[in-house]
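Accompanying notes for the structure given below.
Both backbone and side-chain heavy atoms feed into the values below; hydrogens, waters and symmetry mates do not.
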Amino acid sequence: QVQLVESGGGLVQAGGSLRLSCATSGRTASTSAMGWFRQAPGKEREFVAAITWSFGRTYYADRVKGRFTISREYAKNTVYLQMNSLKPEDTAVYYCAAGKYGSRWSTQGSEYDYWGQGTQVTVSS
């Protein structure tokens, strides 16, 4: 029902910025919450940020709070993750996730139903 495609990853120096995009397709208003997760080799997948589609309420992991901003644009059916003041420890594959319509936002990846292919973010020191 829902397809997610991430873009915007790349190589950036420490202290720099990147903006990730998650373009969604499928039935409109099919999800109630969108999330960003990341995973580095040898590490567990971790929650980054989430946003409710209807009200735009945002939630952040402590590790990124104050540096990252999640937002959504209705007209483009797109969710963004603006990442500022990037650190080497931010290096990971970033995944966009969506819950089924009516689902509640969560920090647990298992609570989401749809996932993008991931986009690599590498921060050099």
### Message
To check you understand the geometry: which heavy-atom pair defines the closest contact between Gln13 and Ser124, and what is its length?
### Response
CA-OG, 3.5 Å

### Message
Using every non-hydrogen atom in the two residues, find where Tyr60 and Ala49 come nearest and quote the distance to one decimal.
### Response
CD2-CB, 3.7 Å

### Query
More than 12 non-hydrogen atoms from neighbouring residues, nucleotides or ligands closer than 6.0 Å to OH on Tyr74, yes or no?
yes

### Message
Donor-acceptor check, side chain of Arg67 to backbone of Ser85, threshold 3.5 angstrom: yes or no?
### Response
yes

### Message
Quick check: closest heavy atoms across Ser125 and Ala14, and the distance to 0.1 Å?
### Response
CA-CB, 4.4 Å

### Task
Heavy atoms only: give me the nearest Arg45-Ser110 pair and the separation to one decimal.
NH2-N, 3.9 Å

### Query
Above 12 or not: heavy atoms from other molecules or residues under 6.0 Å from CD of Glu73?
yes

### Query
Between the main-chain N or O of Trp53 and the side-chain N or O of Arg72, is there a donor-acceptor pair closer than 3.5 Å?
yes

### Query
Taking the six-membered ring for Trp, are the ring centroids of Trp105 and Tyr59 within less than 6.0 Å of each other?
yes

### Query
Taking the six-membered ring where the residue is Trp, are the ring centres of Tyr112 and Phe37 under 6.0 Å apart?
yes

### Aromatic contact, Phe68 with Trp36 (centres under 6.0 Å)
no

#### Entry: Glu6 side chain to Gly118 backbone, donor-acceptor under 3.5 Å
yes

### Query
Nearest 0.5 Å, what's the CD-OG1 distance between Gln120 and Thr122?
4.0 Å

### Task
Provide the closest heavy-atom pair for Cys22 versus Leu4 in the form atom of the first, atom of the second, distance.
SG-CB, 4.0 Å

### Message
Checking Arg63 against Asp90 for the salt bridge (charged side-chain N to carboxylate O under 4.0 Å, His left out) test, could you report, in this order, the C-alpha distance in whole Å, the side-chain angles of both residues, the deciding distance, and whether it holds?
### Response
CA-CA 9 Å; Arg63 292 182 180 181; Asp90 294 318; over 6 Å; no

### Query
Closest heavy-atom contact between Gln117 and Val5?
OE1-CA, 3.7 Å

### Task
Indicate whether the side chain of Tyr80 and that of Arg19 have a donor and an acceptor atom separated by less than 3.5 Å.
no

### Heavy-atom side-chain contact between Thr24 and Thr78 under 4.5 Å
no

#### Entry: Derivation and outcome, side-chain hydrogen bond (donor to acceptor under 3.5 Å, both in side chains), residues Asn84 and Ser17
CA-CA 4 Å; Asn84 298 326; Ser17 299; 2.9 Å; yes

